[in-house]
Protein chains: 2
Amino acid sequence: MTSISVVLVDDHTVVRSGLKALLGTQADIAVVGEAASGEEALEAAQQHAPDVVLMDLAMGTGMDGIEAIKQLRQRTPKQAVIVFTTYDSDADIVRAVDAGAMGYLLKDAAPEEIFAAVRGAVQGKSVMSAPVASRLFQQLRNPDEILTPREAELLSLLTEGLSNRDLGKRLFISEATVKTHLAHIYAKLGVETRAAAIATAIRREGMR
Amino acid sequence: MTSISVVLVDDHTVVRSGLKALLGTQADIAVVGEAASGEEALEAAQQHAPDVVLMDLAMGTGMDGIEAIKQLRQRTPKQAVIVFTTYDSDADIVRAVDAGAMGYLLKDAAPEEIFAAVRGAVQGKSVMSAPVASRLFQQLRNPDEILTPREAELLSLLTEGLSNRDLGKRLFISEATVKTHLAHIYAKLGVETRAAAIATAIRREGMR
DNA sequence: ACCAGTATCAGCCAAAAGGTGGAGAGACCA
DNA sequence: TGGTCTCTCCACCTTTTGGCTGATACTGGT
(Lines give C-alpha, C1' and ligand atoms only; values in the text may rest on other atoms or scores of the structure.)
Protein backbone atom coordinates (compact mmCIF):
# COMPACT_ATOMS: atom_id res chain seq x y z
CA MET A 1 0.00 0.00 0.00
CA THR A 2 1.03 3.57 -0.53
CA SER A 3 1.92 5.66 2.48
CA ILE A 4 -0.38 8.14 4.21
CA SER A 5 0.46 11.76 3.36
CA VAL A 6 0.16 14.34 6.12
CA VAL A 7 0.31 18.13 6.31
CA LEU A 8 1.21 19.71 9.67
CA VAL A 9 -0.27 23.00 10.80
CA ASP A 10 1.11 24.67 13.91
CA ASP A 11 2.57 28.09 14.55
CA HIS A 12 5.26 26.59 16.78
CA THR A 13 8.30 25.58 14.83
CA VAL A 14 9.38 23.09 17.44
CA VAL A 15 6.05 21.33 17.49
CA ARG A 16 6.16 20.92 13.73
CA SER A 17 9.64 19.50 13.71
CA GLY A 18 8.76 17.25 16.63
CA LEU A 19 5.76 15.84 14.89
CA LYS A 20 7.73 15.46 11.72
CA ALA A 21 10.45 13.53 13.51
CA LEU A 22 7.89 11.41 15.28
CA LEU A 23 5.81 10.60 12.21
CA GLY A 24 9.01 10.04 10.24
CA THR A 25 9.67 6.92 12.28
CA GLN A 26 6.61 5.29 10.75
CA ALA A 27 7.14 3.70 7.36
CA ASP A 28 3.54 4.18 6.27
CA ILE A 29 3.28 7.87 7.14
CA ALA A 30 4.91 10.73 5.23
CA VAL A 31 4.84 14.41 6.09
CA VAL A 32 4.44 16.19 2.77
CA GLY A 33 3.93 19.75 3.89
CA GLU A 34 3.87 22.22 6.78
CA ALA A 35 2.02 25.42 7.56
CA ALA A 36 2.27 27.97 10.35
CA SER A 37 -1.14 29.59 10.00
CA GLY A 38 -4.69 28.96 8.86
CA GLU A 39 -4.08 30.67 5.54
CA GLU A 40 -0.96 28.67 4.85
CA ALA A 41 -2.84 25.52 5.80
CA LEU A 42 -5.40 26.05 3.06
CA GLU A 43 -2.64 26.60 0.55
CA ALA A 44 -0.67 23.57 1.66
CA ALA A 45 -3.75 21.36 1.63
CA GLN A 46 -4.52 22.43 -1.90
CA GLN A 47 -0.99 22.04 -3.13
CA HIS A 48 -0.03 18.76 -1.49
CA ALA A 49 -3.46 17.12 -1.39
CA PRO A 50 -2.62 15.15 1.77
CA ASP A 51 -4.73 12.37 3.23
CA VAL A 52 -4.62 13.94 6.67
CA VAL A 53 -4.17 17.44 8.10
CA LEU A 54 -2.85 17.58 11.65
CA MET A 55 -3.72 20.99 13.03
CA ASP A 56 -3.27 23.07 16.14
CA LEU A 57 -6.29 25.16 17.01
CA ALA A 58 -4.44 28.11 18.46
CA MET A 59 -2.76 30.04 15.72
CA GLY A 60 -0.99 33.18 16.77
CA THR A 61 -2.37 35.48 14.14
CA GLY A 62 -4.88 35.46 11.33
CA MET A 63 -7.42 32.73 10.78
CA ASP A 64 -7.93 30.49 13.76
CA GLY A 65 -7.95 26.72 13.68
CA ILE A 66 -11.71 26.28 13.76
CA GLU A 67 -12.22 28.54 10.78
CA ALA A 68 -9.42 26.74 8.96
CA ILE A 69 -11.13 23.40 9.57
CA LYS A 70 -14.40 24.67 8.15
CA GLN A 71 -12.71 25.97 5.05
CA LEU A 72 -10.78 22.75 4.59
CA ARG A 73 -13.91 20.66 4.88
CA GLN A 74 -15.53 22.75 2.19
CA ARG A 75 -12.66 22.86 -0.25
CA THR A 76 -11.13 19.44 0.14
CA PRO A 77 -13.70 17.21 1.86
CA LYS A 78 -11.68 14.09 1.28
CA GLN A 79 -8.89 15.23 3.55
CA ALA A 80 -9.36 14.26 7.18
CA VAL A 81 -8.55 16.94 9.75
CA ILE A 82 -7.19 15.95 13.15
CA VAL A 83 -6.94 18.57 15.86
CA PHE A 84 -3.69 18.48 17.77
CA THR A 85 -3.70 20.99 20.57
CA THR A 86 -2.63 21.66 24.14
CA TYR A 87 -5.92 22.28 25.88
CA ASP A 88 -9.19 20.47 26.07
CA SER A 89 -11.66 23.28 26.52
CA ASP A 90 -15.29 22.30 26.18
CA ALA A 91 -16.02 25.01 23.67
CA ASP A 92 -13.06 24.15 21.46
CA ILE A 93 -13.90 20.49 21.36
CA VAL A 94 -17.51 21.03 20.44
CA ARG A 95 -16.67 23.64 17.84
CA ALA A 96 -13.93 21.53 16.30
CA VAL A 97 -16.14 18.47 16.02
CA ASP A 98 -18.87 20.71 14.68
CA ALA A 99 -16.52 22.13 12.09
CA GLY A 100 -15.81 18.62 10.91
CA ALA A 101 -12.67 17.44 12.70
CA MET A 102 -12.07 13.69 12.48
CA GLY A 103 -10.06 13.49 15.67
CA TYR A 104 -8.94 15.53 18.64
CA LEU A 105 -5.58 14.83 20.21
CA LEU A 106 -3.83 16.55 23.08
CA LYS A 107 -0.18 17.42 22.72
CA ASP A 108 0.80 15.16 25.55
CA ALA A 109 -0.66 12.19 23.71
CA ALA A 110 1.58 9.14 23.44
CA PRO A 111 3.23 8.64 20.04
CA GLU A 112 1.23 5.46 19.48
CA GLU A 113 -1.97 7.40 20.00
CA ILE A 114 -0.95 9.89 17.36
CA PHE A 115 -0.06 7.19 14.85
CA ALA A 116 -3.34 5.43 15.52
CA ALA A 117 -5.26 8.65 14.97
CA VAL A 118 -3.59 9.32 11.64
CA ARG A 119 -4.16 5.77 10.43
CA GLY A 120 -7.70 5.75 11.70
CA ALA A 121 -8.54 9.07 10.09
CA VAL A 122 -7.93 7.83 6.55
CA GLN A 123 -10.30 4.95 7.25
CA GLY A 124 -12.97 7.30 8.48
CA LYS A 125 -12.45 6.40 12.12
CA SER A 126 -12.39 9.26 14.60
CA VAL A 127 -9.87 9.05 17.39
CA MET A 128 -9.67 11.32 20.39
CA SER A 129 -7.65 11.46 23.57
CA ALA A 130 -9.40 10.05 26.60
CA PRO A 131 -9.94 13.36 28.43
CA VAL A 132 -11.37 14.88 25.27
CA ALA A 133 -13.77 12.01 24.79
CA SER A 134 -15.05 12.28 28.34
CA ARG A 135 -15.65 16.00 27.96
CA LEU A 136 -17.55 15.50 24.77
CA PHE A 137 -19.58 12.77 26.37
CA GLN A 138 -20.56 15.05 29.22
CA GLN A 139 -21.69 17.70 26.78
CA LEU A 140 -23.99 15.26 25.07
CA ARG A 141 -25.24 13.80 28.28
CA ASN A 142 -26.18 17.18 29.67
CA PRO A 143 -28.00 19.12 26.98
CA ASP A 144 -29.59 21.37 29.63
CA GLU A 145 -26.33 23.10 30.10
CA ILE A 146 -25.92 24.17 26.53
CA LEU A 147 -26.21 27.91 26.25
CA THR A 148 -28.09 29.53 23.42
CA PRO A 149 -25.94 31.57 21.02
CA ARG A 150 -27.12 34.79 22.58
CA GLU A 151 -26.37 33.54 26.07
CA ALA A 152 -22.93 32.42 25.03
CA GLU A 153 -22.30 35.84 23.57
CA LEU A 154 -23.37 37.48 26.80
CA LEU A 155 -21.28 35.14 28.88
CA SER A 156 -18.25 35.88 26.82
CA LEU A 157 -18.70 39.61 27.34
CA LEU A 158 -19.37 38.95 31.00
CA THR A 159 -15.87 37.56 31.35
CA GLU A 160 -14.55 40.96 30.31
CA GLY A 161 -15.92 42.31 33.53
CA LEU A 162 -18.70 44.46 32.12
CA SER A 163 -21.68 45.67 34.17
CA ASN A 164 -25.27 44.90 33.18
CA ARG A 165 -25.64 48.37 31.79
CA ASP A 166 -22.52 48.03 29.67
CA LEU A 167 -23.62 44.62 28.47
CA GLY A 168 -26.90 46.13 27.35
CA LYS A 169 -25.19 48.92 25.47
CA ARG A 170 -22.76 46.56 23.84
CA LEU A 171 -25.49 44.20 22.65
CA PHE A 172 -28.11 46.88 21.92
CA ILE A 173 -30.61 45.42 24.34
CA SER A 174 -32.13 46.75 27.55
CA GLU A 175 -30.72 46.11 30.96
CA ALA A 176 -33.84 44.09 31.71
CA THR A 177 -33.03 41.71 28.91
CA VAL A 178 -29.50 41.40 30.11
CA LYS A 179 -30.76 40.38 33.51
CA THR A 180 -33.06 37.80 32.00
CA HIS A 181 -30.26 36.26 30.00
CA LEU A 182 -27.99 36.28 33.01
CA ALA A 183 -30.59 34.50 35.12
CA HIS A 184 -30.81 31.77 32.50
CA ILE A 185 -27.05 31.52 32.27
CA TYR A 186 -26.71 31.18 36.01
CA ALA A 187 -29.31 28.43 36.03
CA LYS A 188 -27.57 26.53 33.27
CA LEU A 189 -24.15 26.88 34.80
CA GLY A 190 -25.43 26.04 38.24
CA VAL A 191 -24.19 29.20 39.90
CA GLU A 192 -25.81 32.07 41.74
CA THR A 193 -23.59 35.05 41.10
CA ARG A 194 -21.91 36.64 38.15
CA ALA A 195 -18.62 36.19 39.86
CA ALA A 196 -19.07 32.44 39.92
CA ALA A 197 -20.35 32.49 36.36
CA ILE A 198 -17.22 34.26 35.19
CA ALA A 199 -15.04 31.87 37.09
CA THR A 200 -16.65 28.74 35.66
CA ALA A 201 -16.88 30.24 32.20
CA ILE A 202 -13.22 31.11 32.01
CA ARG A 203 -12.15 27.81 33.47
CA ARG A 204 -14.34 25.87 31.08
CA GLU A 205 -13.01 27.77 28.13
CA GLY A 206 -9.51 26.52 28.56
CA MET A 207 -6.68 25.61 30.83
CA ARG A 208 -7.12 23.41 33.83
CA MET B 1 35.69 25.04 21.61
CA THR B 2 33.65 22.21 23.04
CA SER B 3 29.92 22.11 22.34
CA ILE B 4 27.19 23.27 24.69
CA SER B 5 25.36 20.39 26.35
CA VAL B 6 21.63 20.70 26.89
CA VAL B 7 18.97 18.75 28.76
CA LEU B 8 15.36 19.12 27.62
CA VAL B 9 12.45 19.00 30.05
CA ASP B 10 8.92 18.86 28.69
CA ASP B 11 6.05 16.47 29.19
CA HIS B 12 5.14 16.65 25.51
CA THR B 13 7.04 14.09 23.48
CA VAL B 14 6.64 16.07 20.28
CA VAL B 15 8.05 19.23 21.81
CA ARG B 16 11.10 17.35 22.99
CA SER B 17 11.77 15.76 19.64
CA GLY B 18 11.15 19.06 17.92
CA LEU B 19 13.64 20.88 20.09
CA LYS B 20 16.09 18.07 19.66
CA ALA B 21 15.79 18.21 15.89
CA LEU B 22 16.10 21.98 15.95
CA LEU B 23 19.09 22.13 18.25
CA GLY B 24 20.68 19.26 16.37
CA THR B 25 21.15 21.53 13.38
CA GLN B 26 23.63 23.59 15.36
CA ALA B 27 27.15 22.26 15.47
CA ASP B 28 27.96 23.82 18.82
CA ILE B 29 24.88 22.55 20.67
CA ALA B 30 24.29 18.96 21.77
CA VAL B 31 21.22 17.55 23.47
CA VAL B 32 22.57 15.11 26.05
CA GLY B 33 19.40 14.20 27.89
CA GLU B 34 15.64 14.49 28.15
CA ALA B 35 13.08 14.47 30.94
CA ALA B 36 9.29 14.47 31.03
CA SER B 37 8.77 15.72 34.58
CA GLY B 38 10.34 17.82 37.30
CA GLU B 39 11.64 14.76 39.10
CA GLU B 40 13.21 13.34 35.98
CA ALA B 41 14.73 16.73 35.29
CA LEU B 42 16.65 16.70 38.56
CA GLU B 43 17.95 13.23 37.82
CA ALA B 44 18.95 14.07 34.26
CA ALA B 45 20.68 17.28 35.35
CA GLN B 46 22.68 15.36 37.91
CA GLN B 47 23.56 12.55 35.58
CA HIS B 48 24.42 14.49 32.43
CA ALA B 49 25.72 17.68 34.05
CA PRO B 50 24.58 19.83 31.12
CA ASP B 51 25.50 23.45 30.59
CA VAL B 52 21.89 24.39 29.99
CA VAL B 53 18.49 23.04 30.98
CA LEU B 54 15.61 23.97 28.67
CA MET B 55 12.40 23.51 30.63
CA ASP B 56 8.67 23.80 30.18
CA LEU B 57 6.88 25.19 33.22
CA ALA B 58 3.69 23.20 32.86
CA MET B 59 4.31 19.62 33.76
CA GLY B 60 1.29 17.39 33.75
CA THR B 61 1.89 15.70 37.06
CA GLY B 62 4.20 15.87 40.02
CA MET B 63 6.65 18.68 40.64
CA ASP B 64 5.93 21.79 38.63
CA GLY B 65 8.48 23.72 36.63
CA ILE B 66 9.04 26.50 39.15
CA GLU B 67 9.82 24.07 41.92
CA ALA B 68 12.13 22.16 39.59
CA ILE B 69 14.03 25.37 38.79
CA LYS B 70 14.52 26.13 42.47
CA GLN B 71 15.85 22.67 43.15
CA LEU B 72 18.14 22.80 40.15
CA ARG B 73 19.57 26.15 41.21
CA GLN B 74 20.34 24.71 44.60
CA ARG B 75 21.85 21.42 43.52
CA THR B 76 23.69 22.41 40.37
CA PRO B 77 24.08 26.19 40.39
CA LYS B 78 26.41 26.17 37.40
CA GLN B 79 23.70 24.92 35.08
CA ALA B 80 21.68 27.66 33.47
CA VAL B 81 17.93 27.10 33.31
CA ILE B 82 15.94 28.52 30.43
CA VAL B 83 12.17 28.43 30.59
CA PHE B 84 10.54 27.33 27.36
CA THR B 85 6.79 27.54 27.63
CA THR B 86 3.61 28.38 25.79
CA TYR B 87 2.19 31.20 27.87
CA ASP B 88 3.50 34.42 29.24
CA SER B 89 1.50 34.85 32.42
CA ASP B 90 2.72 37.61 34.70
CA ALA B 91 2.82 35.36 37.69
CA ASP B 92 4.80 32.63 35.95
CA ILE B 93 7.38 35.03 34.61
CA VAL B 94 8.00 36.67 37.94
CA ARG B 95 8.15 33.36 39.75
CA ALA B 96 10.47 31.81 37.20
CA VAL B 97 12.89 34.72 37.28
CA ASP B 98 12.62 34.68 41.04
CA ALA B 99 13.44 30.98 41.12
CA GLY B 100 16.58 31.69 39.14
CA ALA B 101 15.76 31.16 35.47
CA MET B 102 18.36 32.58 33.08
CA GLY B 103 15.94 33.05 30.21
CA TYR B 104 12.28 32.84 29.32
CA LEU B 105 11.27 31.79 25.82
CA LEU B 106 7.85 31.26 24.33
CA LYS B 107 7.24 28.20 22.23
CA ASP B 108 6.53 30.26 19.17
CA ALA B 109 10.00 31.77 19.35
CA ALA B 110 12.02 31.72 16.15
CA PRO B 111 14.76 29.05 16.02
CA GLU B 112 17.46 31.73 16.00
CA GLU B 113 16.03 33.14 19.19
CA ILE B 114 16.27 29.76 20.84
CA PHE B 115 19.87 29.23 19.72
CA ALA B 116 20.80 32.69 20.93
CA ALA B 117 19.24 32.01 24.31
CA VAL B 118 21.15 28.76 24.76
CA ARG B 119 24.45 30.34 23.74
CA GLY B 120 23.79 33.41 25.85
CA ALA B 121 22.87 31.39 28.91
CA VAL B 122 26.28 29.72 29.18
CA GLN B 123 27.86 33.16 29.10
CA GLY B 124 25.62 34.40 31.86
CA LYS B 125 23.45 36.45 29.56
CA SER B 126 19.73 36.25 30.07
CA VAL B 127 17.56 36.16 26.98
CA MET B 128 13.82 36.44 26.87
CA SER B 129 11.17 36.69 24.20
CA ALA B 130 10.00 40.23 23.51
CA PRO B 131 6.50 39.88 25.00
CA VAL B 132 7.97 38.35 28.13
CA ALA B 133 10.45 41.16 28.54
CA SER B 134 7.76 43.79 28.21
CA ARG B 135 5.63 42.08 30.83
CA LEU B 136 8.50 41.90 33.23
CA PHE B 137 9.32 45.51 32.60
CA GLN B 138 5.77 46.54 33.42
CA GLN B 139 5.91 44.65 36.66
CA LEU B 140 9.01 46.50 37.72
CA ARG B 141 7.79 49.85 36.47
CA ASN B 142 4.55 49.58 38.35
CA PRO B 143 5.27 48.44 41.88
CA ASP B 144 1.96 49.97 42.97
CA GLU B 145 0.20 47.09 41.40
CA ILE B 146 1.85 44.47 43.52
CA LEU B 147 -0.68 42.90 45.83
CA THR B 148 0.14 42.10 49.44
CA PRO B 149 0.08 38.42 50.36
CA ARG B 150 -3.28 38.77 52.01
CA GLU B 151 -4.72 40.58 49.04
CA ALA B 152 -3.42 37.94 46.68
CA GLU B 153 -5.02 35.28 48.85
CA LEU B 154 -8.31 37.10 48.71
CA LEU B 155 -8.09 37.61 44.98
CA SER B 156 -7.45 33.96 44.44
CA LEU B 157 -10.55 33.04 46.44
CA LEU B 158 -12.45 35.74 44.60
CA THR B 159 -11.85 33.90 41.35
CA GLU B 160 -13.76 30.97 42.80
CA GLY B 161 -16.83 33.14 42.72
CA LEU B 162 -17.35 33.59 46.45
CA SER B 163 -19.43 36.41 47.96
CA ASN B 164 -18.00 38.85 50.49
CA ARG B 165 -19.66 36.95 53.28
CA ASP B 166 -18.18 33.67 52.15
CA LEU B 167 -14.77 35.22 51.74
CA GLY B 168 -14.95 36.44 55.32
CA LYS B 169 -15.89 33.02 56.61
CA ARG B 170 -13.19 31.33 54.61
CA LEU B 171 -10.48 33.69 55.85
CA PHE B 172 -11.83 34.12 59.37
CA ILE B 173 -12.20 37.87 59.02
CA SER B 174 -15.23 40.15 59.05
CA GLU B 175 -17.09 41.16 55.95
CA ALA B 176 -15.90 44.71 56.58
CA THR B 177 -12.32 43.63 56.28
CA VAL B 178 -13.10 41.77 53.13
CA LYS B 179 -14.51 44.94 51.64
CA THR B 180 -11.44 46.90 52.63
CA HIS B 181 -9.13 44.40 51.01
CA LEU B 182 -11.29 44.29 47.91
CA ALA B 183 -11.22 48.07 47.59
CA HIS B 184 -7.43 47.97 47.70
CA ILE B 185 -7.30 45.17 45.16
CA TYR B 186 -9.58 47.05 42.78
CA ALA B 187 -7.41 50.13 43.05
CA LYS B 188 -4.27 48.18 42.35
CA LEU B 189 -5.74 46.31 39.43
CA GLY B 190 -7.33 49.43 38.04
CA VAL B 191 -10.87 48.06 38.00
CA GLU B 192 -14.14 49.02 39.63
CA THR B 193 -16.04 45.80 40.02
CA ARG B 194 -15.35 42.35 41.30
CA ALA B 195 -16.31 40.95 37.95
CA ALA B 196 -13.54 42.89 36.25
CA ALA B 197 -11.14 41.95 39.02
CA ILE B 198 -11.84 38.27 38.49
CA ALA B 199 -11.46 38.66 34.75
CA THR B 200 -8.10 40.41 34.95
CA ALA B 201 -6.90 38.11 37.70
CA ILE B 202 -7.60 34.94 35.76
CA ARG B 203 -6.25 36.34 32.54
CA ARG B 204 -3.06 37.51 34.19
CA GLU B 205 -2.51 34.09 35.63
CA GLY B 206 -2.22 32.49 32.27
CA MET B 207 -3.62 31.91 28.83
CA ARG B 208 -4.63 34.65 26.49
C1' DA C 1 10.69 56.90 68.90
C1' DC C 2 8.57 57.53 64.58
C1' DC C 3 6.88 56.31 60.10
C1' DA C 4 5.25 53.25 56.41
C1' DG C 5 3.00 49.22 55.30
C1' DT C 6 -0.19 45.70 56.44
C1' DA C 7 -4.25 43.68 58.46
C1' DT C 8 -8.13 44.22 61.03
C1' DC C 9 -12.94 46.34 61.96
C1' DA C 10 -17.28 49.87 61.72
C1' DG C 11 -21.08 52.62 59.78
C1' DC C 12 -23.53 54.94 56.13
C1' DC C 13 -25.25 55.56 51.71
C1' DA C 14 -25.89 54.89 46.75
C1' DA C 15 -25.55 51.79 43.02
C1' DA C 16 -25.60 47.34 41.09
C1' DA C 17 -27.07 42.80 40.96
C1' DG C 18 -30.30 39.03 41.76
C1' DG C 19 -35.21 36.79 42.41
C1' DT C 20 -39.97 36.49 40.92
C1' DG C 21 -43.48 36.62 37.84
C1' DG C 22 -45.35 37.90 33.62
C1' DA C 23 -45.62 38.89 28.53
C1' DG C 24 -45.22 39.59 23.41
C1' DA C 25 -42.88 38.47 18.83
C1' DG C 26 -40.58 35.59 15.58
C1' DA C 27 -38.58 31.01 14.12
C1' DC C 28 -38.96 26.31 13.52
C1' DC C 29 -40.84 21.88 13.63
C1' DA C 30 -44.30 18.22 14.12
C1' DT D 1 -52.10 24.88 13.62
C1' DG D 2 -50.14 24.17 17.96
C1' DG D 3 -46.16 23.68 20.68
C1' DT D 4 -41.45 24.83 21.83
C1' DC D 5 -37.44 27.74 21.80
C1' DT D 6 -35.33 32.02 21.73
C1' DC D 7 -34.99 36.78 22.34
C1' DT D 8 -36.87 40.67 23.90
C1' DC D 9 -38.90 43.74 27.66
C1' DC D 10 -41.24 45.34 32.26
C1' DA D 11 -42.15 46.07 37.46
C1' DC D 12 -41.23 45.23 42.24
C1' DC D 13 -38.50 43.87 45.82
C1' DT D 14 -34.33 42.08 48.48
C1' DT D 15 -29.58 41.35 48.79
C1' DT D 16 -25.01 42.43 47.60
C1' DT D 17 -21.49 45.46 46.35
C1' DG D 18 -18.77 49.55 46.17
C1' DG D 19 -17.31 54.34 47.81
C1' DC D 20 -16.15 57.02 51.65
C1' DT D 21 -14.35 58.09 56.11
C1' DG D 22 -12.20 56.83 60.06
C1' DA D 23 -10.04 53.79 63.55
C1' DT D 24 -6.88 50.31 66.10
C1' DA D 25 -2.91 47.35 66.19
C1' DC D 26 1.31 44.95 64.83
C1' DT D 27 5.45 44.92 62.10
C1' DG D 28 10.00 46.40 60.47
C1' DG D 29 13.14 49.73 59.34
C1' DT D 30 15.27 54.54 60.04
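Proteins come first, then strands; the chains are lettered A, B, ... in the order of their sequence lines, and each starts at number 1.
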> Is any side-chain nitrogen or oxygen of B:Thr148 closer than 4.0 Å to OP1 or OP2 of C:dA7?
Replying inline: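 For B:Thr148, the contact criterion (side-chain N or O under 4.0 Å from OP1 or OP2 of C:dA7) is met.
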> Looking only at side chains, do A:Thr177 and A:Ser174 share a donor and an acceptor under 3.5 Å apart?
Replying inline: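 Side chains of A:Thr177 and A:Ser174: pair found under 3.5 Å.
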>> Need the bend value for the helix from C:dA1-D:dT30 to C:dA30-D:dT1: angle between end axes, 5 pairs each end, nearest 10°.
In response: 50°
>> To the nearest 0.5 Å, what is the distance between CD1 on A:Ile4 and CZ on A:Phe115?
In response: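 A:Ile4 atom CD1 to A:Phe115 atom CZ measures 11.5 Å (nearest 0.5 Å).
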>> Show, in sequence, the C-alpha distance, side-chain angles and deciding distance for A:Ser3 and A:Asp28, and conclude whether the side-chain hydrogen bond (donor to acceptor under 3.5 Å, both in side chains) test is met.
In response: CA-CA 4 Å; A:Ser3 79; A:Asp28 60 335; over 6 Å; no
> Which residue pairs pass the side-chain hydrogen bond (donor to acceptor under 3.5 Å, both in side chains) test with at least one member in residues 74-84 of chain B, sequence neighbours excluded?
Replying inline: B:Gln71-B:Arg75, B:Thr76-B:Gln79
> Can you name the closest pair of heavy atoms from A:Val83 and A:Ala96 and give their distance?
Replying inline: CG2-CB, 3.9 Å
> Where is the tightest heavy-atom contact between B:Ala201 and B:Thr159, given as atom of each residue plus distance?
Replying inline: CB-CG2, 3.9 Å
>> Tell me if a side-chain donor or acceptor on A:Ser5 pairs with a main-chain N or O of A:Asp51 at a distance below 3.5 Å.
In response: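 Here the side-chain-to-backbone pair exists.
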> What string of B, S and - do you get for nucleotides 8-30 of chain C, 5' to 3', when a contact is any protein heavy atom under 4.0 Å?
Replying inline: BBB-----SSBB-----------
> Can you check the B:Lys188 NZ to D:dG18 C1' distance for me, whole Å?
Replying inline: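 Computing the B:Lys188:NZ to D:dG18:C1' distance gives 18 Å.
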>> Does B:Glu192 have more than 12 heavy atoms from other residues, nucleotides or ligands lying within 6.0 Å of its CD?
In response: no
